[in-house]
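Contents: one structure, followed by commentary.
By convention in this document, chain letters (A, B, ...) are assigned in the order of the sequence lines, proteins followed by strands, and residues within each chain are numbered from 1. Here the structure is a predicted model, which means the values were calculated and not measured.
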Number of protein chains: 2
Amino acid sequence: MAQHKSPQRRPSIHDVASHAGVSAATVSKVLAGVTTVKPENAQRVFDAVEHLGYRVDPLASDMRRAKRRIIGAIMPEFESEFFGQMVTELEGLAEQRGYTLVAASSRESEARETEILARMHDWRVAGVVLAPVRNEHGPAAAFMKSNGMTGVLIDRVLSDDAFDTVSADSAAASAEVARMLVGKGHGHILVIGLAEQAATVRARLEGFRTQALALNPSVRIDVITSEVSVEPLRSSLRDYFARGERPTAVYSLLLKGTLVALSEFRRRDWHCPNDISLVGFDDAEWMQVTWPAIAAVVQPVRQIASEAMTLLFRRIEGAEGPPTARLEPCQVLMRESVGSPGNGPHPGGGDRQQPPLS
Amino acid sequence: MAQHKSPQRRPSIHDVASHAGVSAATVSKVLAGVTTVKPENAQRVFDAVEHLGYRVDPLASDMRRAKRRIIGAIMPEFESEFFGQMVTELEGLAEQRGYTLVAASSRESEARETEILARMHDWRVAGVVLAPVRNEHGPAAAFMKSNGMTGVLIDRVLSDDAFDTVSADSAAASAEVARMLVGKGHGHILVIGLAEQAATVRARLEGFRTQALALNPSVRIDVITSEVSVEPLRSSLRDYFARGERPTAVYSLLLKGTLVALSEFRRRDWHCPNDISLVGFDDAEWMQVTWPAIAAVVQPVRQIASEAMTLLFRRIEGAEGPPTARLEPCQVLMRESVGSPGNGPHPGGGDRQQPPLS
DNA sequence: ATGAAAGCGCTAACAC
DNA sequence: GTGTTAGCGCTTTCAT
């Protein structure tokens, strides 16, 4: 039980040393677990530590070290469940190994991403977990490379020639979605996404398309993507429907797209799954309580986080060898938003017909 | 433009000093913006800095300072939009002032909360923004107090005798919800919440009850809360409905409760707003795209964050005086999940009747 | 087995 | 104005 917690100056290693009647160096050794210290002295040190409520100052301790026990994490945003969980996991994993995690949000900006990275470099972080805004070929990864930083790239990446990468197996998951949709008889499917996240989105798209066409060569797959942000995507989608296109199912390659799709369905008073089916990449808690529940691809957050940290620490400890590119399997959650085409009312070119509600 | 970015040893202040032909102390002064340096020398320093690509090591720099330029942030979780946005805001605000934000999730555990705080104390953070799991009277705040840490308490707090507090004006927002619900003719309303977050939840409950009864003394207000976590709440709610209770509206005092309410409505095939109305504390992006859109109280995240940081830095800079307790106004977003009672089918004790969907 | 000494990279007094 | 001198709190040779 710690006592003497004076709100003022915290005890330093010297206080412990003098209290234990040994030198600071010995205290340091004892606390580092060096076994060559006389047990009796070690015990005195432990007693002094407890008595004074001494705790190592990680900042001072890191000063003398080559690599500081800090891990940087850069996520595109913190607002979604996916990245929120990711940060939580990474934090726990870092803490387990005695490291402090410093997380920052790039707010979907590559410029900010590099600035943050520079700041983390200033801190001499031991390693970085970067979830790039776009993909592994952006300026952030380049910065890390040219500054000899050690890191792991996650999420919107496929593989890299300098860093280990870990991401969800988008292609496989998308193929499974294709199997389900085509299996249910959907012959005209719209896929929506943001193209900037090139690597991942392309993988998702290709995985889907390949599997769908393999199962039914005559299936029609339309694609709407936006280069920039989510609003252009909304307009494109609106135009697409306005010109009378009537797919029986929509597959959104990202969460924001799922939201956009739902809101456009609302505008037109279309209900899932009778009027149209919907599947989205990325699950969220609300998707199982809405009416209808929304089918979704669940990314294995914990596995990605844990694999990323394992690889990262391996590199921090000096592991050599070519970078690895891990793909973690996803789970596809079929829910009520997916039905068979032609089962519901599905009025021809039907536009809005009634006020919303119920 | 920085050059000579050797991936190896980064230039130190001494490298800059010798390159500029001055002492390290002078470099330090120039970089700190001290004006008593000969302009010519200052320029040589800047040149050297640019030439070498020198950047201050914040860790080393903090060593000599009393307060380190680090702010700690502890949130109950990162997975919800509210806390995700909060961290993003806090991070930006800290960065603006040249501070690094270290964020950690207490994962809704008071024990972990204190551990994190202890670790942050080890780092000698200049200040802490704590969003306590329960309220301002928990062990975390006590720890801060007894260790003389400076901090601000946010979100699940009302006021404290040692720390400034900033939170949403739950009571006022709840009163507004009451006005809307009672105004629409609801005479039997169920309020659900988690009681542990005592301070805030009680404020919300009382704000609601007081206003509702003022408007219509005969309104019936049932309350279901759980001490522990969300699952008991679900059971209680299920029991409540199972025993035939049939309020015309539900007001959830927290996001998880809204989710639970929706999923229980689903179980019974009740639709909003025809079968029952719903309003939730805490808005989320999905609430406006689901069918129906869910009415919600929006907390002013940015204002809370900005006010908290302002107060915190004032204290860090040594401001004295009694702690303040700020309440930031919320916005109530009425949406389709709220209707007038008796407008829809609303079958008496009606249990499930049809398969779900549309 | 232990301690003295020398820093890590930087800043703050205090001379000059 | 500027440099010298001392450290911040800790770790790490390297004598002893």
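- For residues 63-72 of chain A, proximity to DNA chain C is found at A/M63, A/R64, defined as any non-hydrogen atom under 4.0 angstrom from a strand atom.
- Listed by chain and number, the residues in a salt bridge (Lys or Arg N to Asp or Glu O under 4.0 Å) with A/E77 amount to none (sequence neighbours excluded).
- Contacts of B/S61 with the nucleic acid, taken as non-hydrogen atoms under 4.0 Å apart, involve only primed sugar atoms and P, OP1 or OP2.
- In this structure, B/A60 and B/T36 both approach DNA chain D, and ranking their closest nucleotides by distance from the 5' end singles out B/T36.
- Not a single salt bridge (Lys or Arg N to Asp or Glu O under 4.0 Å) links A/R107 to another residue, sequence neighbours left out.
- For B/R314, there are no salt bridge (Lys or Arg N to Asp or Glu O under 4.0 Å) partners, not counting sequence neighbours.
- Evaluation of the side chain to side chain donor-acceptor pair (under 3.5 Å) rule for A/T310 yields no partner, not counting sequence neighbours.
- Annotation: side chain to side chain donor-acceptor pair (under 3.5 Å) contacts of B/S28 (sequence neighbours excluded): none.
- Annotation: salt bridge (Lys or Arg N to Asp or Glu O under 4.0 Å) contacts of A/D164 (sequence neighbours excluded): A/R315.
- By the side chain to side chain donor-acceptor pair (under 3.5 Å) test, A/R44 pairs with no residue at all, sequence neighbours left out.
- Straight-line distance from the CG atom of A/D62 to the C1' atom of C/dG9: 13 Å, rounded to whole Å.
- The nearest whole Å value for the distance from the CG atom in B/D15 to the P atom in C/dG9 is 9 Å.
- Here the range on DNA chain D touched by chain B, meaning any atom under 4.0 Å from one of its heavy atoms, is D/dG1 to D/dG9.
- For B/S28 and C/dT11, the shortest distance from a side-chain N or O to OP1 or OP2 is below 4.0 Å.
- Residues passing the side chain to side chain donor-acceptor pair (under 3.5 Å) test with A/E328 are A/R326, sequence neighbours excluded.
- Comparing B/K29 and B/Y54 by the nucleotide of DNA chain C that holds the closest heavy atom to each, the one mapping nearer the 5' end is B/Y54.
- Residue B/V87 comes nearest to B/A103 through the heavy atom pair CG1-CB, 4.2 Å, listed as atom of the first residue, atom of the second, then distance.
- Listed by residue number, the members of residues 16-26 of chain A with any heavy atom below 4.0 angstrom from DNA chain D are A/A25.
- Residue pairs satisfying the ring pair (Phe, Tyr, Trp, His ring centres under 6.0 Å) criterion with at least one member in residues 77-102 of chain B, sequence neighbours excluded, are listed as follows: B/Y99-B/F313.
- Straight-line distance from the CG atom of B/L31 to the C1' atom of C/dG9: 13 Å, rounded to whole Å.
- The two residues B/V133 and B/S109 have their closest heavy-atom pair at CG2-N, 3.6 Å.
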